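Worksheet: one structure, shown below.
Please read all numbers here as calculations on a predicted model, not as lab measurements. Naming convention: chains lettered A, B, ... in sequence-line order (proteins, then strands); numbering from 1 in each chain.
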Protein chains: 2
Amino acid sequence: MGRPREFDTEKAIARAMRLFWSQGYEGTSLTDLTEELGITRPSLYAAFGSKEALFLKALDLYETRAGYREAALAAPTAYAYAQALLEGAADLHGDKNNPPGCLGVQGALACAPQSNSIREELARRRRVGEATIRDRLKRAKIEGDLPAGADPADLARYLSIVIYGITVQAAGGATRKELQSVAKLALQNWPRASNLKRKRDA
Amino acid sequence: MGRPREFDTEKAIARAMRLFWSQGYEGTSLTDLTEELGITRPSLYAAFGSKEALFLKALDLYETRAGYREAALAAPTAYAYAQALLEGAADLHGDKNNPPGCLGVQGALACAPQSNSIREELARRRRVGEATIRDRLKRAKIEGDLPAGADPADLARYLSIVIYGITVQAAGGATRKELQSVAKLALQNWPRASNLKRKRDA
DNA sequence: ATTATTCTCTACCGATCAGTACGGAATTGT
DNA sequence: ACAATTCCGTACTGATCGGTAGAGAATAAT
């Protein structure tokens, strides 16, 4: 009942996401948001509650849109998984249709103390992302897909930092091709059980 | 002539550096600065000109303090250079006495449009940093210190993104030990001419 | 001692920040 | 038609933003 909303909240979140993605949480003002979304402040607050709540909704959308992390989980081997992750990151952040960089990194890497809750939420999500990688690699090790000496925690950290680095370089204007070449390089000495097995078999 | 300044500008810049390092450019207000530096606004402006100018001075100081990049240039081989860079980054950003992260990355990775000059200056300095690495690796290649197939530009990009990734992970609270282990991992498949030579000799 | 210079201080500037009070307009169920 | 409900637009709140005017205090050269 009552008057129906005149704008599409999903599309509004998508537009807000791009804005936060470009300018970060603190760098995006309510005026920026209302102008980009084409709505007024009271409408924004009625629909989303607060700037912070809108940011979190935008972040959720970002994580589904930047879905290469989840898609990579379908890869059959640890190597294919690592490859899917790194190439996915290079593809996403090398796409000139997207804002440069990663919302999860540059949304609020450093910020004023009053935005600390956002900074901590982003750090928390990064930890979750790394934990997901670690779990996948643990499984790979159990499945004999990683050499005995390989530490899933270390490898997950390694993949994470390469992805972060790719996003930082993308924020500085790197091309997709450059990001792809670095992804390839980072994969070159990925520990493959198949290599070991081949050595053992030989 | 005239009344002498009552505070030490060098110490003030050092304090400002730590503040910008923790909170980024936009996240650090003039009130934060004057309180931390123990001076008033007009004193700050008389001494440094503007918030932006003070940030740039702080950035210069940061680059000399975080001197592992320059120190690494003294390493005799490409491998030793890469090792010095990555271990230097892990040491610096794993030091709990320093603010977490890297001023050059989180100072203004994403920001409001009115701070774009700062964002671009940081991106420019990151490019210079990478160019320095690239030049050192080019020399290494000429000196036969890298295999024929290795591309100094790609390797420089790789080292850069690993360093960036380390800083992002440090910003999220990683320990020095964790950063050191990832630096070690990133070095494991560094292309060494000595390896190739050994292969060739064999 | 005087004068010029430069600092430091209080108090302020206009602009912008995130967030909201309130009245009128539009749509619902009855 | 009517009442209830919800939305939208104008206009505002107090707080904070970066930056500064102007006066007084301290030091230098003369």
Electrostatic pair E120(B)-R124(B), nearest N-O below 4.0 angstrom: no

Closest contact, heavy atoms only, C102(B) versus Y62(B): SG-OH, 3.2 Å

Distance-minimising heavy-atom pair for F55(A) and G107(A): CZ-CA, 4.4 Å

Could you go over nucleotides 20-28 of chain C and give all protein N or O partners under 3.5 Å, atom names and distances?
unit_1: dA25(C); atom_1: N3; unit_2: R3(A); atom_2: NH1; d: 3.2

Of all pairs that satisfy side-chain hydrogen bond (donor to acceptor under 3.5 Å, both in side chains), the ones with a partner from residues 164-174 of chain B, not counting sequence neighbours: E130(A)-Q169(B)

Residues touching DNA chain C, which here means a heavy atom under 4.0 Å, drawn from residues 108-122 of chain B: none

Heavy-atom donor-acceptor pair, S115(B) side chain to C111(B) backbone, under 3.5 Å: no

Pairwise 5' ranking along DNA chain D for S50(B) and T40(A), keeping only the more 5' one: T40(A)

S29(B) and D32(B): CA distance, side-chain angles, deciding distance, side chain to side chain donor-acceptor pair (under 3.5 Å) verdict: CA-CA 5 Å; S29(B) 71; D32(B) 291 336; 3.3 Å; yes

DNA chain D contacts among residues 8-35 of chain B, heavy-atom distance under 4.0 Å: T28(B), S29(B), L30(B), T31(B)

Non-hydrogen atoms of A171(A) and L109(B) that approach each other most closely: CB-CD1, 3.8 Å

Contacts of type side chain to side chain contact (heavy atoms under 4.5 Å, CB included), residue K51(B), not counting sequence neighbours: F20(B), Y25(B), L30(B), L33(B)

Atom-to-atom span, CZ of F48(A) to P of dA18(C) - whole angstrom: 16 Å

Over 12 foreign heavy atoms within 6.0 Å of NZ, K141(B): yes

Range on DNA chain D touched by chain B - first to last nucleotide, heavy-atom distance under 4.0 Å: dC17(D) to dA28(D)

Under-4.0 Å salt bridge between R157(B) and D154(B): yes

Short side-chain donor-acceptor distance under 3.5 Å, T31(B) and R41(B): yes

Approximate separation, where rounding is to 0.5 Å, of I142(B) CD1 and K138(B) NZ: 8.5 Å

Check ion pair D60(B)-R125(B) (N to O, under 4.0 angstrom): yes

